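Data first, discussion second: the structure below is written as structure tokens.
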Amino acid sequence: MQNILKLMGYMRPYWKQATIGPLMKLIEVMLELMQPRLVQRIVDEGIAKGDLDLVIETGLWMLGLAIGGVLFGIGNAWFGVWVAQRVETDVRSALFGKIQSLSFGNLDKLSTGHLITRLTNDVRQVGEVARLILRILSRMPMAMVGGLVMAIVTSPRLGLMFIGLAPVILGTLILVFRKANAMFGEVQNRLDRVNQVTQENLAGVRVVKAFLRADHEIERFGTANDRLMEQTIRVTQLVALVMPFMMLLLNLGVVGVIWFGGIAVTQGGMKLGEIIAFINYLLLFLQSLMIGSMVLIRMSRAEASAERIVEVLNSEPELQDRADAKRDVVLEGQVAFENVTFSYNETADDPVLRNLNFVAEPGQKVAILGSTGAGKSSLVNLIPRFYDVDAGRVMVDGMDVRDVDQGTLRQQIGMALQESVLFSGTIRYNIQYGRPDATDEEVEAAARAAMAHDFIVQFPDKYETLLGQRGVNLSGGQRQRIAIARALISRPKVLILDDSTSAVDLETEARIHDALEQMVGCTSFLVAQRISTVLKADKILVLDDGVLVAEGTHQELMESSSVYQEIYDSQLGEGNGYGGRAQC
Ligand code: DCP
Ligand code: MG
């Protein structure tokens, strides 16, 4: 229960309301505790002695107390909901904020499906627990202790009944509690799986349709869904057993009281009102115990959720800024790799990049060429320090990127990631995403440089055209060009385009590169598959399986690098074979 209790710490800012609410519950219970005594008075002193005035007077008291109880109950509900809802919202915000602060490395490990479950279902569970604690559980101590004390005060002899019942009830509760706890954990795991399958399916629903795999997906989803159902049924059935069992014990208790009490009454040692009052206190005690234990079971269910939330909240971003990290430095744009070795998984014995060395001077255009999987994206991701190197150093302007504040560094690096992800919103919003205070002229200039202006103005709404989620209503090449404009708009000192023109036709691609050429003062890294893209670069880096096999201008490489010549021949040389065609 430690995680759920930890999250209840989010009540702290609202401690006043979180205290007033349960206090009101306390008063409500106290008023309730007086009722059975009044009933006893009506029966033993009013009815038995024919004193009508006493009956009416006591009745009015009971009515007044009942009304008071309702009012305090309403107050408790009001404050309970008020606080619980805020706790839920605050936990959700904290979680969301934490996710934003995590590094690429952390995010590679947490799947989107899991994060969505945490942000929605898990957070709701925590809010529900806060509500239950403030509204129901706060009743338990007072009702149980008060009920017990009042019952014994009312009738010490019948009070012995408690001693027989209590161990049985408590024992059962603890047993069920333990078992349910573990089972609820499994429910959450299976719910995770359902969410993961759903999320993956929705993200790739077009692929599913293209490959006619809907049946397979339905089956996959069905399996996960059924497994969730089975486990939920199992645990719900277990918990459902508790109520009838408790009712049985409760009724046995009542029968016991009436049995022994009845004998005592006929023998003249006890009055009828005493038994009635005692039964009422017994009921109050047992009901609170039952409802309270239900709440505890709910809490143990929420513990699994809380654990997953706390796990994210406690995770530290893999990349931290040093305390003395340099802020507010203005970059010239020199980038250098010194003996860089990098792998995503430090235990892997085959690193993704091995012993890389090169220097890109400010303003140079550097092209990175290499087959798929060679490590091109990995290389450029090291420049804005999305990941840390295993060995060696990545330098900007002679500073190790680990010595520069991440914000300062990334602000001056414009990047179009390999997968051009856009957000729902207008085209202008998406371009301005790179620099929210950019003016309309700057947006247009960036769009022109990225060869996006012409197609944007052909839309009826031009820059105000609304994009769907992830920019679905654009073609792949259009999306790439908006992503380039987004990278350009911050007028970065270092520009990285990771295969950003792969879906653009050759002519437009050439024009984009011409436009980039005009942009002075920015060091650019162009990851490319096509050799035509790299012909004009100041420097071409040829990567092969994580190793830098050649470096130089087109002319130099044509003379010195056989790997480069091969690529050239296969794409632009005689025959233009694009070798190794797949057979149809
Ligand atoms: N890799 C990994 N974990 C990631 C990303 C990549 O383990 N989060 C691995 C897969 C490849 C290697 O790293 O074996 C290099 O991947 P890159 O994405 O750097 O490769 P490229 O960018 O060169 O390939 P492509 O041209 O397909 O984009
Ligand atoms: Mg790549």
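Indexing begins at 1, ligand by ligand and atom by atom, following the structure's order. Treat the numbers as computed from the prediction; the structure is a model and nothing was measured.
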Those residues that, when tested against E419, pass salt bridge (charged side-chain N to carboxylate O under 4.0 Å, His left out) (two or more places apart): R470
N, O or S from T372 under 2.8 Å to the Mg ion (ligand 2): no
Between CD1 on residue I427 and NE2 on residue H453, distance to nearest 0.5 Å: 11.5 Å
Close aromatic pair by centroid cut-off 6.0 Å: Y387 and F342: yes
Salt-bridge contact D440-R428 (side-chain N to carboxylate O under 4.0 Å): yes
N, O or S atom of S377 closer to the Mg ion (ligand 2) than 2.8 Å: yes
Any side-chain donor near an acceptor of the partner, D397 and Q334, under 3.5 Å: no
N106, N314, L313 screened by side-chain contact (heavy atoms from CB on, under 4.5 Å) with K98, the one that passes: L313
Close-range residues for ligand 1, whose non-hydrogen atoms fall below the 4.0 Å threshold: D108, Y344, V352, S371, T372, G373, A374, G375, K376, S377, S378, Q418, Q529
Pairing of E186 and R234 as salt bridge, 4.0 angstrom limit: no
